[in-house]
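Structure first, commentary second.
Because only heavy atoms are used, hydrogens play no part in the values below, and waters and symmetry mates are left out as well, while side chains stay in. Since the model is a prediction, treat every value here as computed from it, not as a measurement.
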Amino acid sequence: MKKEKIIIGNWKMSPNSIEEAKKIISSSKKVARNLKGVKLVIAPPFSFLSLVLRGIEKDGNFYLGAQDVSIYTEGAHTGEVSVSILKGSGVKYCIIGHSERRSMGENNDIVSEKLNITVSNNITPVLCVGEKERDVDGKYMDFLKEQISLSLSKINKKDINKIILAYEPVWAIGAKEPMKTEEIRQTVLYIRKILSDMSDHKTAFQVPILYGGAVNMRNAKEIISYGDVNGLLIGRESLNPIGFSALLKEVDSLN
Ligand code: PGA
């Protein structure tokens with residue numbers, strides 16, 4: 001497993017203006033130039049893709065991501081954005097199955113189809129999984145197992161190592177505090193076991209596993225060190241130029 005950490009900024013439906021977007025891009029660009037052990041991905045709303053792309057320098061460690069892809073690859077589908085359009089826009093990574101999309105009706109079947117579409121078009125999918133609540137009976141473990149296996153059901157076993165998996169407990173997204181690092185560590189191990197049962201041990205350890213949910217510049221380093229994750233998926237803090245730059249530098253200092 002490579003030591004390089006993956007930091008993905010998920011801008012969701014923000015910021016509200018091009019000016020604000022430009023500010024975040026320019027500060028991320030400055031920090032990205034000096035990152036040694038961090039791969040930075042920014043996933044803006046579709047209409048800001050080209051703006052972010054302009055901030056990406058050749059041979060740098062800064063990449064463009066999308067927040068979703070259409071299940072359709074071509075045709076008349078108002079409001080949808082196909083994988084070819086994303087590819088042509090310079091997108092290298094695509095978040096798939098974020099809980100906010102799942103809550104709008106995206107099920108494991110659709111998620112799996114989208115994983116297949118991105119992998120076959122050489123865009124790295126970032127599969128989001130996570131339980132809605134942690135019950136004392138451990139039902140969340142069955143939930144996670146089912147969510148992961150159904151989400152991966154349409155992709156070829158040999159392609160499992162081409163994905164990134166983001167573990168985001170739904171209750172920690174948008175919350176004040178992230179999950180405890182010890183719980184993250186245990187869950188990551190459990191996810192690797194699920195992946196290993198679906199493929200093999202080697203593949204299970206090739207898949208980068210990220211954590212997401214209430215990550216900020218103060219807790220990022222600890223989550224990576226003690227949570228045993230390969231990176232982070234970040235919402236709110238990725239829109240704060242000062243906080244996000246500090247977070248990137250902190251994580252980079254781990255290498
Ligand atoms: P948050 O969101 O960092 O604002 O909690 C995380 C996410 O939804 O990916």
Does any part of the side chain of Ser28, heavy atoms only, come nearer than 4.5 Å to the side chain of Ile42, both counted from C-beta? yes
Has Thr118 got a side-chain atom pairing as donor or acceptor with Leu115's backbone, closer than 3.5 angstrom? yes
Please determine if Lys39 forms a cation-pi arrangement with Tyr63, meaning its NZ or CZ atom is less than 6.0 Å from the six-membered ring centre and no more than 45° off the ring axis. yes
NZ/Lys92: more than 12 non-hydrogen atoms of other groups inside 6.0 Å: no
Strictly distance-based, threshold 3.5 Å: is any side-chain N or O of Asn156 a donor or acceptor partner for the main-chain N or O of Asp159? no
Distance-only side-chain donor-acceptor flag, Gln67 / Trp11, under 3.5 Å: no
In Å and rounded to the nearest 0.5 Å, what is the OG to CD1 distance from Ser153 to Ile148? 12.5 Å
One thing to verify: whether Asp137 and Lys139 come together as a salt bridge, which I'm taking to mean a side-chain N less than 4.0 angstrom from a carboxylate O. yes
Flag if over 12 foreign heavy atoms under 6.0 Å of CD, Glu80: yes
Are Asn61 and Leu40 side-chain neighbours, meaning at least one heavy-atom pair lies under 4.5 Å? no
Taking the side chain as every heavy atom from C-beta outward, state whether Val126 and Cys94 have any pair of such atoms under 4.5 Å apart. no
Check the side chains of Thr187 and Arg134 for a donor-acceptor pair under 3.5 angstrom, ignoring hydrogens and angles. yes
Would you call Pro44 and Leu51 a side-chain contact if the rule is heavy atoms closer than 4.5 Å? no
Taking atom CE of Met104 as the centre, report whether more than 12 heavy atoms of other residues, nucleotides or ligands fall under 6.0 Å from it. yes
Contact check, side chains of Tyr211 and Pro178, non-hydrogen atoms, under 4.5 Å: yes
Output yes when Lys249 and Asp252 qualify as a salt bridge under the 4.0 Å nitrogen-oxygen rule, no when they do not. no
Are Lys23 and Glu20 close enough for a salt bridge, meaning some N to O gap below 4.0 Å? no
Determine whether the side chains of Asn240 and Glu237 contain a donor N or O and an acceptor N or O closer than 3.5 Å. yes
Measure the spacing between OG of Ser103 and NE2 of His98 and express it to the nearest 0.5 Å. 9.5 Å
Can you tell whether the side chains of Asp68 and Lys114 come within less than 4.0 Å, N to carboxylate O? yes
Around atom NZ of Lys12, are there more than 12 heavy atoms of other residues, nucleotides or ligands at under 6.0 Å? yes
When you check the side-chain N and O atoms of Asn108 and Arg102, is any donor under 3.5 Å from an acceptor? yes
Run Lys145 and Asp197 through salt bridge (charged side-chain N to carboxylate O under 4.0 Å, His left out) and show every step you take. CA-CA 10 Å; Lys145 191 172 172 182; Asp197 290 346; 5.5 Å; no
Heavy-atom check, side chain of Met179 versus side chain of Trp171, under 4.5 Å: yes
Hey, are the side chains of Leu210 and Val229 touching, using non-hydrogen atoms and a 4.5 Å cut-off? no
State whether a side-chain donor-acceptor pair under 3.5 Å links Glu177 with Asn219. no
Do Ile123 and Leu86 make a side-chain contact, defined as non-hydrogen atoms from C-beta onward lying under 4.5 Å apart? yes
Any chance the side chains of Glu131 and Tyr167 put a donor and an acceptor closer than 3.5 Å? yes
Between atom CZ of Phe48 and atom CD1 of Ile18, what is the distance when rounded to the nearest 0.5 Å? 5.5 Å
Test side chain to side chain contact (heavy atoms under 4.5 Å, CB included) on Ile164 and Leu127 and set out the steps. CA-CA 6 Å; Ile164 292 175; Leu127 166 64; over 6 Å; no
Has Arg192 got its NZ or CZ under 6.0 Å from the middle of the six-membered ring of Phe205, at an angle within 45 degrees of the ring axis? yes
Any side-chain donor-acceptor pair under 3.5 Å between Asn161 and Thr203? no
Quick one: pull up CD1 in Ile173 and CZ in Arg236 and give me the separation to the nearest 0.5 Å. 9.5 Å
Counting neighbours of OH on Tyr72 that are heavy atoms of other residues, nucleotides or ligands and sit closer than 6.0 Å, is the number greater than 12? no
